[in-house]
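As the structure is a computational prediction, the values presented were derived from the model and not from experiment. So you know, we letter chains A, B, ... as the sequences are listed, proteins then strands, and number each from 1.
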Number of protein chains: 2
Amino acid sequence: MDKQTITIYDVAREASVSMATVSRVVNGNPNVKPATRKKVLEVIDRLDYRPNAVARGLASKKTTTVGVIIPDVTNIYFSSLARGIDDVATMYKYNIILANSDENGQKEIQVLNTLLAKQVDGVIFMGNQITDSIRAEFARSKTPIVLAGSVDADEQVASVNIDYVEAIEEATSTLVRHGNQKIAFVTGSLSEPINGQYRLKGYKKALTQAKIAYDPNLVFETEYSYKAGEAIWDRVKAAGATAAVIGDDELAIGLLNGAGDDGVNIPDDFELITSNDSKLTEISRPKMSSITQPLYDIGAVAMRLLTKMMNKEDVDNQTILLPYGIVERGTTK
Amino acid sequence: MDKQTITIYDVAREASVSMATVSRVVNGNPNVKPATRKKVLEVIDRLDYRPNAVARGLASKKTTTVGVIIPDVTNIYFSSLARGIDDVATMYKYNIILANSDENGQKEIQVLNTLLAKQVDGVIFMGNQITDSIRAEFARSKTPIVLAGSVDADEQVASVNIDYVEAIEEATSTLVRHGNQKIAFVTGSLSEPINGQYRLKGYKKALTQAKIAYDPNLVFETEYSYKAGEAIWDRVKAAGATAAVIGDDELAIGLLNGAGDDGVNIPDDFELITSNDSKLTEISRPKMSSITQPLYDIGAVAMRLLTKMMNKEDVDNQTILLPYGIVERGTTK
DNA sequence: TAAATAAATGCAAGCGTTTTAAATGCTTTT
DNA sequence: AAAAGCATTTAAAACGCTTGCATTTATTTA
């Protein structure tokens, strides 16, 4: 019924050459006489032949597809990275298999395995928690892997990020400079290295430098969501904070609106700096001051790095830090 | 060097059975004696054998992966659909190859072709414009295709949507009922059927029913972006509109902020209803009244429909309309 | 012009599975 | 106890392409 598929063999027959020759012209191999190439190309065109990538993958052991594990496409931070990834993937003729993990260790492992079963040439992993089991899976496979916007405490696996400790330190210092003494630090789970190690460290460094005592009651651990931000406002307020550094934009906008709905004037009564400079920062009112991160570029660079690894070029630096900045918009004085 | 891969043949040898038998136990074929199955399973476990999906795909002519063409993952409307798609895909053991098209006809065709070359079992297409050339590509392949959140004027290809004309009609009527006579209709390109045919039709129907003359000057055609929304406020204001129905949330929030920044009091001086009920509607201040669409479900249902088609079950209804609603939040009186 | 070298092309062996037809064992029947 | 009938299992042919090596053809060189 649907036995309508044209194979390389059909082309070879029609053009009266061997499959090898057809394969060569399809793959742009220069060792083909121009006249032959032309003849083959005509037949390909006439028969509307389309090489079967699966067969090609089996024979060549390359699928030109990479796996992308993402916590949630719906989160603008990650989708921005994903867009960067896809664009450079396309540029290098790769396709991406996108899989949502919900940051669930179980799912991550499971998904990683099906990606490897599908023989992806490489994988890009996003997720704030690199558990030991996932690290074990990474190690077990010889497939190149790079983390995008996600840190590995051990720096064993390639990654591209910004310097989170410096960035948060600078953000916090900005708030200090504006006269704030009680600055809340609100972010996701502290068990995630990016929060518990890097960001927290930056936060503490800024406090130390300003000779402000570190107060655990000003550290708020929640989840990355708008609702969580709205919900946590009361606690932040109760703690007496006059400003906050926040680890995620959705979370930040939640907190911002929570405060605003509570009648607090921002930035006069309360200042706030968020972390990802996604679209959301321009959308809120007032617009949010933020650490600026080149989200798209982080994804793009991660993918570029991966192409090098897949190509077995050796890379000088496995852990790349891209430059960040601070933009002050309406939520800081 | 990396010749470390274990094949079904290795398992067969170690378990002293044939490849066929191993294949059967791997695929859960019941025609295997329990004792044999156990033995094979043990070897699989011991050797840490992982079936090669590419080889499997070649032999079985099924890749258990579907292609997903999306305008831009970064757009919350589409990423919401994508999430629904991925979730049910996973549920049915499929993976998705995600490709951004930027609604660029050229890219769409190109991407569709590489997806087909990769032998995806089906494809889900998102994009507001089904050009003739893309339709031709659809027709040319026997691969099942379904549109998600995208209409095909001819209803030739399967799709999942809401009833856009009714929805916009209802939104517009709501605004009329609130006393507005000059209601702007702002959306993306009118050359896209969803706008130029469906939504516009709903808008006109509501006006006709309210005996309000249709005024082309109140129809604004722009692009789906925050910036575009901010930018168009001046024109909407100049046209003397007292309310607007808007085709996209990012666009709407742009318009909303544009008006707000201009000192306009919403909803007292200007009312607005947007279309997609994405997260953004809750994030804006005031929160936006909106047509409610089950975005996630549209994606999920589209994927479910696709699984049926890939499975050659016959489906009763190719063009599915999911229920919508209207929520009035802070941008309507 | 024969020999040597280089350029094109063809052969055929994989790549790792699935799958069909055939073979082998075991039980049951009669 | 031979014939039948089932349940298992095996052998081997695809699946559609890449690729190393051999072969043929064209081009130089001497």
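Annotation: side chain of A:Thr65 is not in contact with side chain of A:Asp121 (no heavy-atom distance under 4.5 Å).
D:dC6 atom P lies 19 Å from atom NZ of B:Lys33, rounded to whole Å. Put simply, CG on B:Asn52 is 18 Å from P on C:dG14, counting in whole angstrom units. B:Leu58 places its CG atom 8 Å from the C1' atom of D:dC17, with the value rounded to the nearest Å. Note: OH (A:Tyr9) to P (D:dC15) measures 12 Å, nearest angstrom. Between the NZ atom of A:Lys38 and the C1' atom of C:dT9 there is a distance of 19 Å, rounded to whole Å. For A:Arg50 and D:dC17, the CZ to P distance is 12 Å, given to the nearest whole Å. At whole-Å resolution of the value, CG in A:Asn29 and P in C:dA7 are 13 Å apart.
Remark: B:Arg83 engages A:Asp102 in a salt bridge, criterion side-chain N to carboxylate O under 4.0 Å. Ion pairing between a basic and an acidic side chain is recognised when a charged N comes within 4.0 Å of a carboxylate O; A:Glu42 and A:Lys38 show such pairing. With respect to the salt-bridge test (charged N to carboxylate O, under 4.0 angstrom), the residues B:Asp314 and B:Lys308 do not qualify.
Nucleic acid contact class of B:Val32 (heavy atoms, under 4.0 Å, all strands): sugar-phosphate only. Among the protein residues, A:Ser23 comes within range of the nucleic acid bases, having at least one heavy atom under 4.0 Å from a base atom. A:Arg37 comes within 4.0 angstrom of nothing in the nucleic acid, heavy atoms only.
Here A:Tyr49 reaches the OP1 or OP2 of D:dC17: one of its side-chain N or O atoms lies under 4.0 Å away. Within the 4.0 Å cut-off from OP1 or OP2 of D:dT9, not a single side-chain nitrogen or oxygen of B:Asn31 is found. Within the 4.0 Å cut-off from OP1 or OP2 of D:dG16, at least one side-chain nitrogen or oxygen of B:Lys61 is found. Remark: A:Thr5 is in phosphate contact with D:dG16, judged by side-chain N or O atoms under 4.0 Å from OP1 or OP2. Note on A:Ser60: every side-chain N or O is 4.0 Å or more away from OP1 and OP2 of C:dC15. An OP1 or OP2 oxygen of C:dG16 is reached within less than 4.0 angstrom by no side-chain nitrogen or oxygen of B:Arg56. Remark: B:Thr7 is not in phosphate contact with C:dC15, judged by side-chain N or O atoms under 4.0 Å from OP1 or OP2.
Summarising the geometry, atom OG1 belonging to A:Thr21 is positioned 9.5 Å from atom CG belonging to A:Asn29; distances are rounded to the nearest 0.5 Å.
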Protein and nucleotides 10-14 of chain D: nitrogen or oxygen contacts under 3.5 angstrom:
{"unit_1": "D:dT10", "atom_1": "OP2", "unit_2": "B:Ser18", "atom_2": "N", "d": "2.8"}
{"unit_1": "D:dT10", "atom_1": "OP2", "unit_2": "B:Ser18", "atom_2": "OG", "d": "3.1"}
{"unit_1": "D:dT10", "atom_1": "OP2", "unit_2": "B:Thr21", "atom_2": "OG1", "d": "2.8"}
{"unit_1": "D:dT10", "atom_1": "O4", "unit_2": "B:Arg24", "atom_2": "NH2", "d": "2.7"}

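Not counting sequence neighbours, the partners of B:Phe125 by the ring-ring contact (aromatic ring centres under 6.0 Å, His included) test are B:Phe138. Under the side-chain contact (heavy atoms from CB on, under 4.5 Å) criterion, A:Thr319 pairs with A:Glu155, A:Ser159, A:Asn317, not counting sequence neighbours.
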